[in-house]
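Heads up, the thing below is written out as C-alpha cells.
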Amino acid sequence: MTKLTIIAFDGTPFELDAAPGSTVMENAVRNSVPGIEAECGGACACATCHVYVDEAWTAAVGEPTPMEEDMLDFASDVRPNSRLSCQIKVTEALDGLVVNVPERQG
Ligand code: FES
C-alpha cells in the first residue's frame, strides 16, 4: 500500500492507504475527503477533482497531459502545481505523497 495524505481546505489531513494503480481521486472519494467532487467519475471531463500537489512531490508526480491541461482551464485558482487527482495514478514511487484540496472546485 502507498501512503497518501490529502489535506482538506480547512487543514484537516486525511491519511490514507492507497492501492497502487488506483487514482488519488478514487481514494479521496472513498474516504469522503471534502472538496473532491469528481463529478465525471474520473474521465478527465469535469475538473472537480482539482488538487495542488505539495511542492516536494511535483517532480515525482509529473506534468499533466495536454488533455488534462485543457480541462484544468475550467478549474478555479489554477497554480503551477495544479493537477486533476483522477489523473494521478498511485504508484509505490509516490509513497508519502501529499496533496491539498483547493478552496472551491469549478
Ligand atoms: Fe472529473 Fe477528475 S473526476 S476530471
Side-chain angles (χ1 to χ4, degrees):
M1 285 298 209
T2 297
K3 295 261 180 231
L4 286 186
T5 302
I6 305 177
I7 303 174
F9 182 69
D10 70 1
T12 307
F14 288 76
E15 292 178 1
L16 318 175
D17 287 319
S22 63
T23 66
V24 172
M25 176 280 276
E26 287 165 348
N27 289 282
V29 168
R30 190 174 314 123
N31 290 276
S32 304
V33 177
I36 302 289
E37 293 162 20
E39 281 168 12
C40 78
C44 196
C46 73
T48 64
C49 64
H50 178 204
V51 294
Y52 301 121
V53 176
D54 183 272
E55 301 290 346
W57 286 95
T58 51
V61 169
E63 298 287 319
T65 62
M67 180 171 132
E68 181 182 340
E69 279 200 11
D70 285 350
M71 196 46 60
L72 272 169
D73 289 344
F74 294 94
S76 301
D77 193 12
V78 175
R79 301 177 191 169
N81 57 340
S82 288
R83 291 292 310 267
L84 295 178
S85 59
C86 70
Q87 303 300 305
I88 305 176
K89 270 242 188 313
V90 174
T91 63
E92 284 174 13
L94 296 183
D95 191 30
L97 175 66
V98 180
V99 302
N100 293 272
V101 179
E103 181 173 9
R104 63 191 181 90
Q105 301 282 2

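Read the numbers this way: they start at 1 and go in the same order the structure lists the ligands and their atoms.
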- Note on the structure: The side-chain hydrogen bond (donor to acceptor under 3.5 Å, both in side chains) partner of S82 among E69, E68, H50 is H50
Atoms in ligand 1 with a heavy atom of [X] nearer than 4.0 Å:
{"X": "C49", "value": "2 (Fe), 3 (S), 4 (S)"}
{"X": "C40", "value": "1 (Fe), 3 (S), 4 (S)"}
{"X": "G42", "value": "3 (S)"}
{"X": "C44", "value": "4 (S)"}
{"X": "C86", "value": "2 (Fe), 3 (S), 4 (S)"}

- Task: Assess C46: does it contribute an N, O or S atom lying under 2.8 Å from atom 2 (Fe) of ligand 1?
- Result: no
- Message: Quick check on atom 2 (Fe) of ligand 1: does H50 put an N/O/S atom closer than 2.8 Å to it?
- Response: no
- From atom 4 (S) of ligand 1, work out which of G41, A28, A43, A47 has a heavy atom at the shortest distance. A47
- Message: Please check: side-chain N/O of R83 versus main-chain N/O of G62, any donor-acceptor pairing under 3.5 Å?
- Response: yes
- Message: Donor-acceptor check, side chain of N81 to backbone of V53, threshold 3.5 angstrom: yes or no?
- Response: yes
- Intermediate values then yes/no, side chain to side chain contact (heavy atoms under 4.5 Å, CB included), T2 and T91: CA-CA 7 Å; T2 297; T91 63; over 6 Å; no
- Task: Please check if V33 and L84 belong to a single hydrophobic cluster, counting links between Ile, Leu, Val, Met, Phe, Trp and Tyr side chain heavy atoms closer than 4.5 Å.
- Result: no
- Mind checking whether W57 and F14 sit in one hydrophobic cluster, side chains of I, L, V, M, F, W, Y counted as touching below 4.5 Å? yes
- Have N27 and S22 got a donor and an acceptor in their side chains that come within less than 3.5 Å? yes
- Query: Hey, is S85 touching ligand 1 through its side chain, its backbone, both or neither, going by heavy atoms under 4.0 Å?
  - Reply: neither
